[in-house]
Amino acid sequence: QVQLVESGGGSVQAGGSLRLSCAASGYTSCMGWFRQAPGKERSWVATIYTGGSSTYYADSVKGRFTISQDNAKNTVDLQMNSLKPEDTAMYYCAAAESCVGLTSAMRYNYWGQGTQVTVSS
């Protein structure tokens, strides 16, 4: 069982930046970030292959968000720049034992409790 703990959420004005961090208690092959706005389904944001550091992004965040890992600390971060009001959501860290179909939340085995990001216009 892997436990995930997110930190770093908050409120920011449009155009600003936030950095989310996810601390993992163990190793998994892939880690990702999802988000869920009120009344909407949980959607995939980004994934990193922890073994090779390959990264993948949803089109809506490509060029603005960067997912990275710190192997020494066993953390995965999400740097969010040029934030927009539509980025407002609860952000969840997730970890998968197998790196297959990772845009689907069902493929992830472990989840954090979430951290709120609010972007005002």
Those residues at least two apart in sequence (or on a different chain) that pass salt bridge (charged side-chain N to carboxylate O under 4.0 Å, His left out) with K62 are D59
Hits for salt bridge (charged side-chain N to carboxylate O under 4.0 Å, His left out) against R35, two or more places apart or cross-chain, chain-then-number order -> D87
Across all chains, not counting sequence neighbours, the side chain to side chain donor-acceptor pair (under 3.5 Å) partners of Y49 are none
Note: T66 and Y57 closest approach over all heavy atoms is CA-OH, 3.3 Å
The side-chain contact (heavy atoms from CB on, under 4.5 Å) partners of V117 (sequence neighbours excluded) come to L18, L20, M80, Y91, V119
Notebook entry, point to check: Going only through I, L, V, M, F, W and Y residues with side-chain contacts under 4.5 Å, is there a path from M31 to W44?
Noted result: no
The reported gap from CG in N74 to OG1 in T50 (rounded to nearest 0.5 angstrom) is 8.5 Å
Quiz item: Does CD in E86 sit with more than 12 non-hydrogen atoms of other residues, nucleotides or ligands closer than 6.0 Å?
Solution: yes
| query | According to a 4.5 Å side-chain heavy-atom criterion applied to Ile, Leu, Val, Met, Phe, Trp and Tyr, with indirect links allowed, do L102 and Y110 form part of one hydrophobic cluster? | reply | no
For K40 and Q36, the nearest pair of non-hydrogen atoms, with its separation, is O-NE2, 3.1 Å
Sequence neighbours excluded, the answer for side-chain contact (heavy atoms from CB on, under 4.5 Å) partners of T118 is S11, T88, Q116
Residues T28 and A95: closest non-hydrogen pair is OG1-CB, 3.3 Å
Residue pairs passing the salt bridge (Lys or Arg N to Asp or Glu O under 4.0 Å) test with at least one member in residues 42-51, sequence neighbours excluded, are none
- request: Would you please test V76 and W33 for side-chain contact (heavy atoms from CB on, under 4.5 Å) and show each step?
  value: CA-CA 9 Å; V76 171; W33 288 91; 3.8 Å; yes
Note: with side-chain heavy atoms under 4.5 Å as the link, the other cluster members for M106 come out as none
Do the two ring centres, one from W111 and one from F34, sit under 6.0 Å apart? yes
Heavy-atom nearest pair, Q3 first then S25, reads N-OG, 2.7 Å
Treating Ile, Leu, Val, Met, Phe, Trp and Tyr as nodes and any side-chain heavy-atom pair under 4.5 angstrom as an edge, say whether V61 and Y92 lie in one connected cluster. no
Hydrophobic cluster membership, with links at side-chain heavy-atom distances under 4.5 Å among I/L/V/M/F/W/Y: are M90 and L83 in one?
no
Residues 81-121 vs disulfide (SG to SG under 2.5 Å), sequence neighbours excluded, gives C22-C93, C30-C99
Decide side-chain contact (heavy atoms from CB on, under 4.5 Å) for S98 and R107; before the verdict, give the C-alpha distance in whole Å, the side-chain angles of both, and the deciding distance to 0.1 Å.
CA-CA 8 Å; S98 176; R107 296 291 187 174; over 6 Å; no
Item to complete: Take T47 and Y108 through the side-chain contact (heavy atoms from CB on, under 4.5 Å) test and state the conclusion after the steps.
Response: CA-CA 11 Å; T47 293; Y108 290 79; 2.7 Å; yes
Heavy-atom closest pair (P85 atom, S120 atom, distance to 0.1 Å) is CG-C, 4.5 Å
Any donor-acceptor N/O pair, E6 side chain to Q113 backbone, under 3.5 Å: yes
For N71, the side chain to side chain donor-acceptor pair (under 3.5 Å) test, sequence neighbours excluded, returns none
_Quick check: is I67 connected to Y56 through a chain of hydrophobic side chains (ILVMFWY, heavy atoms under 4.5 Å apart)?_
no
By salt bridge (charged side-chain N to carboxylate O under 4.0 Å, His left out), R19 pairs with (sequence neighbours left out) D77
*Take V2 and Y27 through the test side-chain contact (heavy atoms from CB on, under 4.5 Å) and record every step on the way to the result.*
CA-CA 8 Å; V2 175; Y27 173 82; over 6 Å; no
Output for pair (S121 OG, Q13 CD), nearest 0.5 Å, gives 9.0 Å
Across all chains, not counting sequence neighbours, the side-chain contact (heavy atoms from CB on, under 4.5 Å) partners of S82 are R64
Residue pairs passing the disulfide (SG to SG under 2.5 Å) test with at least one member in residues 40-75, sequence neighbours excluded, are none
